[in-house]
Undergrad: 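Please find one structure pasted underneath; my questions will follow.
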Amino acid sequence: QVQLVESGGGLVQAGGSLRLSCAASGLTFSTYAMGWFRQPPGKEREFVTFISRSTGSTDYADSVKGRFTISRDNAKNTVYLQMNSLKPEDTAVYYCATRGRSYTYKDIRGYDYWGQGTQVTVSS
């Protein structure tokens, strides 16, 4: 079955960096566009970034543009999220997901398989 496993979360001071990884199995990874979402405490899950399956086209939420970078390694079935200049408002559980449905890439309904999430906490 399809499995997505996130790792790399933790506690970091404001201004610091973290690199999240999402390892996929049970699917042909290179045929899936991938996204990262996050869910801050007490809030709904929100779009962070997206990467296409082949061309590597990307897009970001305005709140993370210029600070976060998504990338993928199809040979390793892994998608990454490099997070720099972290802020306390970036505190959330971060999820990776496969985009398997016909909604815009910012729409959570377009994603079918999800990881279990990894906690990122940014202290001020």
Undergrad: If we ignore hydrogens and angles and just use 3.5 Å, is the side chain of Tyr80 paired with the main-chain N or O of Thr69 as donor and acceptor?
TA: no
Undergrad: Ignoring hydrogens and angles, tell me if any N or O in the side chain of Glu6 forms a donor-acceptor pair with the backbone of Leu20 under 3.5 Å.
TA: no
Undergrad: Work out which heavy atom in Asp112 is nearest to a heavy atom in Gly100; give both atom names and the distance.
TA: OD2-CA, 3.3 Å
Undergrad: Would you give the length of the straight line joining atom OH of Tyr105 to atom CZ of Phe47, rounded to the nearest 0.5 angstrom?
TA: 6.0 Å
Undergrad: With distance as the sole test, does Thr118 use its side chain to make a donor-acceptor pair with the main-chain N or O of Tyr94 at under 3.5 Å?
TA: no
Undergrad: Keeping to residues at least two apart or across chains, list the salt bridge (charged side-chain N to carboxylate O under 4.0 Å, His left out) pairs with something in residues 76-89.
TA: none
Undergrad: Roughly how far, to the nearest 0.5 Å, is CG of Leu11 from CD of Gln119?
TA: 9.5 Å
Undergrad: Would you call the rings of Tyr113 and Tyr32 parallel, tilted or perpendicular, where under 30° means parallel and over 60° means perpendicular?
TA: perpendicular
Undergrad: Do the side chains of Ile108 and Trp36 join up, straight or via other hydrophobic residues, at under 4.5 Å, putting them in one cluster?
TA: no
Undergrad: Examine Met83 and Ile51 and state if one hydrophobic cluster contains both, with Ile, Leu, Val, Met, Phe, Trp and Tyr joined whenever side-chain heavy atoms are less than 4.5 Å apart.
TA: yes
Undergrad: Counting only heavy atoms not in Lys43, do more than 12 fall under 6.0 Å of its NZ?
TA: no
Undergrad: Suppose we screen for side-chain hydrogen bond (donor to acceptor under 3.5 Å, both in side chains). Which residues come up paired with Arg109, at least two apart in sequence or across chains?
TA: Asp107
Undergrad: Nearest heavy-atom pair of Gln116 and Tyr95: which atoms, and what distance?
TA: O-CE2, 3.5 Å
Undergrad: What closest approach, in Å, do Cys22 and Leu4 show between heavy atoms, and which atom pair accounts for it?
TA: SG-CB, 4.0 Å
Undergrad: Which pair of heavy atoms, one from Asn84 and one from Ser17, lies closest together, and at what distance?
TA: OD1-OG, 2.9 Å
Undergrad: Do the side chain of Arg72 and the main chain of Phe29 share a donor and acceptor less than 3.5 angstrom apart?
TA: yes
Undergrad: Between Trp114 and Arg45, does a side chain to side chain contact (heavy atoms under 4.5 Å, CB included) hold up when you go through it step by step?
TA: CA-CA 12 Å; Trp114 293 81; Arg45 200 170 297 189; 3.3 Å; yes
Undergrad: Grab the two heavy atoms, one from Val122 and one from Thr91, that are nearest each other, plus how far apart they are.
TA: N-OG1, 2.9 Å
Undergrad: Ser30 and Thr28: side chain to side chain contact (heavy atoms under 4.5 Å, CB included), yes or no, with the steps?
TA: CA-CA 6 Å; Ser30 61; Thr28 305; 4.0 Å; yes
Undergrad: Under a 3.5 Å distance rule, please check whether Arg67 uses its side chain to pair with a backbone N or O of Ser85 as donor and acceptor.
TA: yes
Undergrad: Can you name the closest pair of heavy atoms from Ala14 and Pro88 and give their distance?
TA: CB-CD, 4.1 Å
Undergrad: Apply side chain to side chain contact (heavy atoms under 4.5 Å, CB included) to Tyr111 and Phe37, showing your working.
TA: CA-CA 10 Å; Tyr111 294 81; Phe37 286 74; 3.5 Å; yes
Undergrad: Going by the side-chain contact (heavy atoms from CB on, under 4.5 Å) test, name the single residue among Thr49, Leu81, Thr98 that passes it with Met34.
TA: Thr98
Undergrad: According to a 4.5 Å side-chain heavy-atom criterion applied to Ile, Leu, Val, Met, Phe, Trp and Tyr, with indirect links allowed, do Val64 and Val120 form part of one hydrophobic cluster?
TA: yes
